[in-house]
Amino acid sequence: MTNSSQTEALTPSPLEAAEATPARSRSRHRVPLWRYPATYLLIGINIAVFLVMFPFGPVMGLVHQHAWSSILTAPFDVDTLVRFGASASPLIQAGQWWRLVTGAFVHVTILHIALNLWCLWNLGIFGEPLLGKRGLVAVYLLTGTTGMMFSYAWSIASGQIALVAGASGAVFGIAGILIILLSTASCRCRGKSCAACGGRSSSLPWPTW
């Protein structure tokens with residue numbers, strides 16, 4: 001009598017078992033944050049460039065003036081942006097083509113870099129398991145450079161000078177690649193195993209918070 005009651009107490013009800021199964025499944029597919037080296041490499045480069053630029057910016061002056069409301073949106077001046085690699089159409093036309101790449105690592109304000117890196121972090125953690133380390137870096141560089149090239153082409157076509165900086169083009173490029181990749185994978189592997197979907201079409205690898 002006692003053994004039977006103890007067995008019933010230890011045996012989970014069907015409802016408890018159903019609730020426990022998704023939790024075990026989620027924990028099995030979680031991936032530690034340190035497994036995203038390409039994401040943190042790109043974020044680190046952007047932060048390093050911004051920190052080197054920081055002493056030349058207006059933020060410290062605004063702090064001394066107690067102008068707190070302007071700190072997040074106070075921009076670097078044009079000379080500083082150009083000095084650190086922003087994409088300036090007259091200089092590109094003069095032969096400084098490397099600015100099409102470096103412009104994707106230069107940011108204008110604190111709010112600018114914060115928003116871009118927040119998006120990059122989320123997309124990178126989601127996309128690096130699908131694209132791979134080299135794939136994520138390649139997509140960032142290619143789409144970031146493509147965005148700068150479009151801006152340069154527009155400046156030539158319109159006859160206006162363009163000064164462009166920021167990772168927005170690369171971030172949108174990564175998002176676009178992931179949308180295409182996931183939509184294609186969902187069509188091909190619905191209900192099946194698929195390497196592009198993290199091993200299963202319904203369970204992508206998520207980071208451990």
Side-chain angles (χ1 to χ4, degrees), residues 25-54 72 76 81 83-87 92 96-152 164-189 192-209:
S25 178
R26 285 195 299 270
S27 63
R28 190 163 55 245
H29 292 289
R30 287 183 177 179
V31 182
L33 291 178
W34 56 265
R35 293 193 182 177
Y36 304 94
T39 300
Y40 289 112
L41 172 64
L42 294 171
I43 291 174
I45 294 173
N46 279 279
I47 292 176
V49 172
F50 193 83
L51 290 177
V52 174
M53 294 173 61
F54 190 80
L72 293 179
F76 289 99
L81 293 171
R83 184 190 313 171
F84 286 94
S87 176
I92 294 174
Q96 298 183 14
W97 294 97
W98 48 269
R99 291 182 179 275
L100 296 172
V101 178
T102 58
F105 295 94
V106 178
H107 289 83
V108 181
T109 68
I110 293 177
L111 183 62
H112 187 202
I113 190 173
L115 291 175
N116 274 344
L117 294 193
W118 181 80
C119 293
L120 176 60
W121 180 71
N122 281 278
L123 290 171
I125 284 179
F126 186 81
E128 190 167 342
L130 307 180
L131 297 169
K133 296 185 288 292
R134 295 180 181 178
L136 183 67
V137 174
V139 170
Y140 182 98
L141 294 175
L142 289 174
T143 56
T145 301
T146 301
M148 296 297 168
M149 291 176 66
F150 275 117
S151 298
Y152 174 64
V164 185
S168 302
V171 168
F172 280 110
I174 293 172
I177 292 294
L178 291 179
I179 290 172
I180 294 172
L181 178 62
L182 292 176
S183 62
T184 303
S186 65
C187 291
R188 292 182 178 179
C189 65
K192 303 177 182 178
S193 296
C194 176
C197 294
R200 294 181 183 178
S201 59
S202 60
S203 57
L204 288 166
W206 293 101
T208 302
W209 306 109

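Only this structure's heavy atoms are used, side chains among them; waters, hydrogens and symmetry mates stay out. Residues: numbered from 1 along the sequence shown. Keep in mind that what you see is a predicted model, and the values were worked out from it rather than measured.
- Residues forming a side-chain contact (heavy atoms from CB on, under 4.5 Å) with Trp118 (at least two apart in sequence, or on another chain): Asn122.
- With contacts defined as side-chain heavy-atom distances shorter than 4.5 Å, the pair Trp121/Tyr40 qualifies.
- By the ring-ring contact (aromatic ring centres under 6.0 Å, His included) test, Trp97 is found to be paired with Tyr152, residues two or more places apart in sequence or in another chain being considered.
- Between Phe54 and Phe76, the ring centre distance reaches or exceeds 6.0 Å.
- Interatomic distance, OG1 of Thr184 versus CD1 of Ile179, reported as 11.5 Å (0.5 Å rounding).
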List, one per line, each side-chain donor-acceptor pair under 3.5 Å for residues 136-151, sequence neighbours excluded.
residue	atom	partner	partner atom	Å
Tyr140	OH	Asn46	ND2	3.2
Tyr140	OH	Ala104	O	2.7
Thr143	OG1	Val139	O	2.5
Thr145	OG1	Leu141	O	2.7
Thr146	OG1	Leu142	O	2.6
Ser151	OG	Gly147	O	3.2

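- Residues Cys119 and Phe172 are not in side-chain contact: their nearest non-hydrogen atoms beyond the backbone lie 4.5 Å or more apart.
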**Request:** Check the pair Thr39 / Lys133 against side chain to side chain contact (heavy atoms under 4.5 Å, CB included), numbers first and verdict last.
**Result:** CA-CA 8 Å; Thr39 300; Lys133 296 185 288 292; over 6 Å; no
**Asked** Between Leu182 and Leu130, does a side chain to side chain contact (heavy atoms under 4.5 Å, CB included) hold up when you go through it step by step?
**Response** CA-CA 9 Å; Leu182 292 176; Leu130 307 180; 3.6 Å; yes
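- Evaluation of the side-chain contact (heavy atoms from CB on, under 4.5 Å) rule for Leu41 yields Ile45 as partners, not counting sequence neighbours.
- Closest heavy-atom contact between Ala86 and Val106: N-CG2, 4.1 Å.
- Among residues at least two apart or in separate chains, side chain to side chain donor-acceptor pair (under 3.5 Å) pairs with a member in residues 99-117 are Gln96-Arg99, His107-Asn116, His112-Asn116, Asn116-Ser168.
- With values rounded to the nearest 0.5 angstrom, Ile92 atom CD1 is found 3.0 Å from Ser87 atom OG.
- Atom CZ of Arg35 sits about 11.5 Å away from atom CD of Glu128, to the nearest 0.5 Å.
- Rounding to the nearest 0.5 Å gives a distance of 7.0 Å between CD1 of Ile174 and CG of Leu42.
- Contact annotation: the side chain of Leu181 approaches that of Leu131 to within less than 4.5 Å [non-hydrogen atoms, C-beta and beyond].
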